[in-house]
Amino acid sequence: MTHFLARPIAGATHALSTARGCIGCVALAVLLMSCGTAPPAGDDGQLAADPPRYSLVFIIHGDGDYLYHDTLGNAHRADEDVLANAQAIAEQNPNAEVFIFHEIERRHVLFLIPRRDGRAYYYRNGRLLAQKSYWRDQGESRFDPEVRLHAEFAGTQPRPPVRMFFYFGHELPEFNAEGYDASYSKRRVSIRDLAAGVGEIAGERKKIDLITLATCFGGTPYTIGALAPYARYIIASPDNLHLSYFDLEPLASLDVGSSDGDVAAFADRFARNAFEQLAREVQTVVSVVVYDVNDVSTFVDSVTDAYDRTLMAANATTPESLERCDCADDAAYSMPEMNRGLTIHYRAPRFGRTKNEARHSGWECWRNAK
């Protein structure tokens, strides 16, 4: 390259050719750097001697509007905040393997050449072992690329005894599923796509100990039912969730057993911490619920037909004709067993028509708008 650039320029045509060549070299260099994998850090023997007790998987959606401003007017991106926190958690956990997938907006090199729009990081025993950029449109299912990279990073090692999965992003649609990704406006994405990806990541074991859905309106019978085959416990918000935010501090020093009691206690601690943090910081509604999958199955099964009919009608009409409601406020879903298996943390908004509502059933549903 140095010899090529040092050659004299013979004329205008040659100059143009040289410029194009340089542009091509720069673009190639950027592309090569974007898909590199970091070499393993530290001593392989030490890594093998200390198999992780925990497996944490984070999928962070950033291909959308996640821009916000703090109280000082500084601009931030919520997805990048979560990424930084997840990486800090990975570095602080010597007994965990951590997979982080950051889905970003597709950009182009020199406005022409598309760049990879996903970034993956694999930590083990507190050390970054691999990082890779990847394409997010390579697969029949929306989350196929993350599933493949999870399998690649995990290899053939035995799975740790305690496994957790976290999704951060906008509400995953239950119907009218186009437009979720800004870079792929025509691609359909729904909660069923995430459930399929979680199922592949769960693998033969089939059950992930704790799934945390950091999105708005994740606590519906349909969404919990979609994830239930692959989870023991689920944390979700049945209402709006400020900036799709759950505090990750309880993950900083994990000490969780694999029994039902241990996982349930950790899920409640994580949910309570997230609730208290949000309640201190926002004036809007705060709702965080722990769903014991075995115990909520009776209610979910009993309302499946009614909820499915609502979704079918929703697909055939406009979103404006529907509204969300506490499932307890609709006779089709209000059942005696609906509170079984729930640990509910709820605070009404400080303003608006629901500011005096002291409680929530823990379930959110759709109904025809009044």
Side-chain angles (χ1 to χ4, degrees), residues 54-62 66 78-79 81-90 93 96-103 143 146 150 160 162-172 191 193-195 197-199 201-202 207-220 223-254 256 258 260 262-278 286-294 296 341-346 362-364:
Y54 310 103
S55 179
L56 311 179
V57 179
F58 295 86
I59 296 182
I60 304 165
H61 185 254
Y66 293 96
D79 58 305
D81 291 348
V82 174
L83 173 64
N85 290 335
Q87 290 175 319
I89 292 298
N93 271 288
E97 64 172 8
V98 182
F99 306 80
I100 303 173
F101 303 99
H102 186 202
E103 302 176 338
F143 294 96
E146 287 81 10
H150 178 272
V162 179
R163 304 171 69 189
M164 302 183 191
F165 177 93
F166 302 84
Y167 183 83
F168 288 82
H170 292 310
E171 168 200 358
L172 281 156
I191 185 60
D193 293 299
L194 180 66
V198 170
I201 289 172
K207 290 281 188 178
I208 291 174
D209 297 289
L210 175 63
I211 292 177
T212 298
L213 197 59
T215 73
C216 295
F217 302 112
T220 74
T223 290
I224 299 302
L227 295 171
Y230 315 111
R232 294 168 67 187
Y233 294 87
I234 299 172
I235 297 174
S237 173
D239 212 299
N240 276 300
L241 180 64
H242 179 68
L243 295 175
S244 303
Y245 176 78
F246 280 157
D247 183 44
L248 299 181
E249 187 276 333
L251 300 174
S253 55
L254 284 170
V256 185
S258 58
D260 276 346
D262 289 339
V263 176
F266 175 79
D268 184 58
R269 181 162 68 90
F270 185 96
R272 183 181 299 276
N273 178 77
F275 170 79
E276 292 175 350
Q277 182 90 355
L278 286 164
V286 182
S287 60
V288 184
V289 180
V290 181
Y291 301 83
D292 181 324
V293 169
N294 284 336
V296 304
L342 305 186
T343 303
I344 303 169
H345 305 278
Y346 176 79
W363 296 103
E364 194 81 359

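Computed from a prediction, not measured in an experiment: that's the story for all the values here.
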Could you state the interatomic distance from CG (Leu241) to CZ (Phe246), rounded to the nearest 0.5 Å?
-> 5.0 Å
Distance in Å, Glu364 CD paired with Thr223 OG1, rounded so as to fall on 0.5 Å steps = 11.0 Å
For Glu97, what residues pass the side chain to side chain donor-acceptor pair (under 3.5 Å) criterion, not counting sequence neighbours?
-> Ser55, Tyr122, Arg159
Between Ile191 and Ala226 the two heavy atoms that sit nearest each other are CG1-CB, 4.3 Å
Could you state the interatomic distance from CG (Leu248) to CG (Leu56), rounded to the nearest 0.5 Å?
-> 9.5 Å
Under the salt bridge (Lys or Arg N to Asp or Glu O under 4.0 Å) rule, collect the residues that match up with Glu103, sequence neighbours excluded.
-> Arg142
What distance do Ile235 atom CD1 and Met164 atom CE have between them, rounded to the nearest 0.5 Å?
-> 8.5 Å
Residue pairs, two or more places apart or on separate chains, that pass salt bridge (charged side-chain N to carboxylate O under 4.0 Å, His left out) and touch residues 236-253 = none
Test side chain to side chain contact (heavy atoms under 4.5 Å, CB included) on Leu213 and Leu227 and set out the steps.
-> CA-CA 10 Å; Leu213 197 59; Leu227 295 171; 4.2 Å; yes
Looking only at non-hydrogen atoms, find the nearest pair between His150 and Phe101 and report the distance.
-> N-CZ, 3.9 Å
Determine yes or no for a side-chain-to-main-chain donor-acceptor pair under 3.5 angstrom, with Tyr230 supplying the side chain and Ile211 the backbone.
-> no
Heavy-atom closest contact (Leu210 atom, Ala267 atom, distance) = CD1-CB, 3.9 Å
Sort out for me which residue in Phe166, Tyr167, Phe165 forms a side-chain contact (heavy atoms from CB on, under 4.5 Å) with Val57.
-> Phe165
To the nearest 0.5 Å, how far apart are CZ in Phe168 and CD1 in Ile60?
-> 7.0 Å
Criterion side chain to side chain contact (heavy atoms under 4.5 Å, CB included) on Phe217 and Asn240, from CA distance to verdict = CA-CA 6 Å; Phe217 302 112; Asn240 276 300; 3.6 Å; yes
State, yes or no, whether a side-chain contact exists between Ile224 and Trp363 at a heavy-atom distance under 4.5 Å.
-> yes
Over all heavy atoms of both residues, which pair between Ile234 and Ala228 is shortest? Give the atoms and the distance, please.
-> CD1-N, 4.3 Å
Heavy atoms of Ala214 and Ser244 approach each other most closely as O-CB, 3.3 Å
Is the closest side-chain heavy-atom distance between Phe99 and Glu146 below 4.5 Å?
-> no
How far apart are the C-alpha atoms of Phe58 and Leu251, what are their side-chain angles, what is the distance that settles it, and do they pass the side chain to side chain contact (heavy atoms under 4.5 Å, CB included) test?
-> CA-CA 12 Å; Phe58 295 86; Leu251 300 174; 3.9 Å; yes
Looking at residues at least two apart in the chain, or sitting in another chain, which of them share a side chain to side chain donor-acceptor pair (under 3.5 Å) with Ser287?
-> Ser237
Determine, using ring centers only, whether Tyr66 and His61 are less than 6.0 Å apart.
-> yes
salt_bridge(Asp209, Arg163) N-O dist < 4.0 Å | no
How long is the gap from OH on Tyr233 to OG1 on Thr212, to the nearest 0.5 Å?
-> 13.5 Å
What residues, two or more places apart in sequence or in another chain, satisfy side-chain contact (heavy atoms from CB on, under 4.5 Å) together with Val289?
-> Pro238, Tyr291, Leu342, Ile344
List the steps, then state whether side chain to side chain contact (heavy atoms under 4.5 Å, CB included) holds for Phe266 with Val162.
-> CA-CA 11 Å; Phe266 175 79; Val162 179; over 6 Å; no
For residues Val288 and Ala271, report the shortest heavy-atom separation together with the two atoms involved.
-> CG1-CB, 3.7 Å
Which residues share a salt bridge (Lys or Arg N to Asp or Glu O under 4.0 Å) with Asp268, sequence neighbours left out = Arg272
